[in-house]
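See below for the structure under consideration.
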Amino acid sequence: MTDPIDGGMTCDEVRDLAAPFVLGALDPDEMDAVRGHLASCAEPHPEFAELGSVVPVLAASVPQVEPPPALKDRLLAAAAADLAARRGASGATAPSVSVPSVAAPPVSVPVATPTPVGTPPAAALTPIGAVPDPEPVVVMPRRSTGPSVGTWAMRIAAVLAIVVLGGWNLLLQGQLSTAQSYEQAVSAILDVAGQDGSLTVLLTAEGDGGPTGLAAVSASGDVTLAMRDLPVTTGTQVYQAWVIAADGVPVPLGDFQVMSPGTAFFTGDGLPTEPGIVLALTLEPGPGATVPTLPIVSLGTATAAG
Amino acid sequence: MSETIRPLPLRVATVADDADRSCLMRIAAGGSDALDELYERYKTMAYSIAYRITNDATLAEDVVQDAFLGAWRNAERYVAGKGSVKTWLLSIVHHRAIDAVRRRKPTTELPDVELVPPAQFQVPDVWAEVAAELDADDVRRAMATLSDVQREAIELAYFGGLTQQEVADRTNTPLGTVKSRMRLGLMAMRRVLTPDEHEVEPS
């Protein structure tokens, strides 16, 4: 095929530009024209792979220089901020990421909630350290007495991938805003997960389509849990959270009701802090159950966050 | 034992379970350290090339950070494509560094076409393995095959961020000659590195 595609370049013209293309030596319009041709041309253009394959060798020919160690912390912290920015942007295009200052103010979880229902989330989030803020603020969560920012950043990055990948899928589906409340609850969990010795738990339902959630257990045994897709409770019904340690005996953590279907947020304390403990959720006819009523709504096993 | 019980009715979450579940599964499968791991593996390569192009430690750090963030944000889209992550990452670092030296305002999001190179531009897996095993000696030999004018054209473009037209102007050489020097130089390097096959087999 030698005819121009869409009024663009011919195959011969494109072949002629293969070397400067792989070297990045075309102006932006030319780069786009070549890309456009390659994307739509039925003819093979092996010259691009042939010439392009040498480019990594050029890169390898430069003197090897180690980046400063602090760059990794900056990167992971910026990734965390990037995530927070996406959540804080109400589904709008993610703003460009600026490197968060190491001296960021103490914990401030994004609390932007365009259409809050019931208790204002800011107030409800207070126990785990959220500071109410009238604006969608993106601030790196940071504990004033926590581990170093580097340690924190690495730990948080491990947990963040959950939310990032989740947020990614949501973004792709254009549904970020509908999940925002859950993401905000998750940001509170991230705060806990960033501490030394914390555990994270993924809760899933048996089979397809049940409630799922995410929890973090701090080194001191506090648990922060966010669940989604929970059916509403009726009458005296409550959801009860349980922890099952090595002895296999379910110990009640507390209960909560879900008035509007969807997301719920729960905190409790006194948990054992070894990896391997299991968190479970059951639906009970009333508060105060000492033995779980089956079936289990959702459960997961704790793993080290770091 | 159960104290701070805090029901928090929030807005209804109607997001498809599948999206959520798939992300949870990826974490469960141990993918959570991806960015950390990617950085550890390629930080030296990325920083070295960024520093070579920008000749500025601060700028190079910004470029590397920006490039890894871009890769991280777009990893999922990239996964669909087949090709060397190293090459992909390298191309992002290179483009960002060139942008930086050209004093262009870096785009906040790379266009798709840049993130997922056309199939023709993806390095065959076979080559990627060969390239991974290249030692410094191979690289030196390959660079040594370049004539002075070929090396000048290639280095001005790849490390200097000059377009082919700018290389032509700078070296006072016709544009067609510049293109030839680039192409012949790259082909010469390739012959040194893959002495047994002078044509790439479509993979």
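Fair warning: this is a prediction, and the values are worked out from it, not measured in the lab.
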### Task
Identify which of B:K179, B:R140, B:R183, B:Q165 forms the greatest number of heavy-atom pairs closer than 4.5 Å to chain A.
B:K179
### Task
Heavy atoms only, distances under 4.5 angstrom: which of B:E40, B:E166, B:R181 has the most pairs with chain A? Name it, please.
B:E40
Give the minimum heavy-atom separation between [X] and [Y], together with the two atoms involved.
{"X": "A:L71", "Y": "B:E61", "result": "CD1-O, 3.6 Å"}
{"X": "B:S48", "Y": "A:V65", "result": "OG-N, 2.7 Å"}
{"X": "A:E50", "Y": "B:R190", "result": "O-CD, 3.0 Å"}
{"X": "B:Q65", "Y": "A:L75", "result": "O-CD1, 3.5 Å"}
{"X": "A:A25", "Y": "B:L162", "result": "CB-O, 3.6 Å"}
{"X": "A:P68", "Y": "B:Y39", "result": "O-OH, 4.4 Å"}

### Task
Hey, could you give me the CE/CG distance between B:M143 and A:L58, rounded to the nearest 0.5 Å?
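Reported value, rounded in 0.5 Å steps: 5.5 Å.
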#### Entry: Rounded distance [0.5 Å steps], OG1 in B:T163 versus CG in A:L26
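Separation between the atoms: 8.0 Å.
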### Query
So which part of B:I49 gets closer than 4.5 Å to some heavy atom of chain A, the side chain, the backbone, both or neither?
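Contact with chain A involves both backbone and side-chain atoms of B:I49.
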### Contacts with chain A made by residues 151-161 of chain B (heavy-atom distance under 4.5 Å), listed by residue number
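Residues of residues 151-161 of chain B touching chain A at under 4.5 Å: B:I154, B:A157, B:Y158, B:F159.
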#### Entry: Non-neighbouring partners of B:T44 that pass side chain to side chain donor-acceptor pair (under 3.5 Å), sequence neighbours left out
A:E66
### Query
Would A:R74 and B:D62 pass as an ion pair if we require N to O under 4.0 Å?
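Salt bridge: yes.
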### Message
If you define the side chain from C-beta out and look only at heavy atoms, does anything of B:V64 sit under 4.5 Å from A:P67?
### Response
no
#### Entry: Which portion of A:D222 sits near chain B, non-hydrogen atoms under 4.5 angstrom
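When you check distances to chain B, no heavy atom of A:D222 falls under 4.5 Å.
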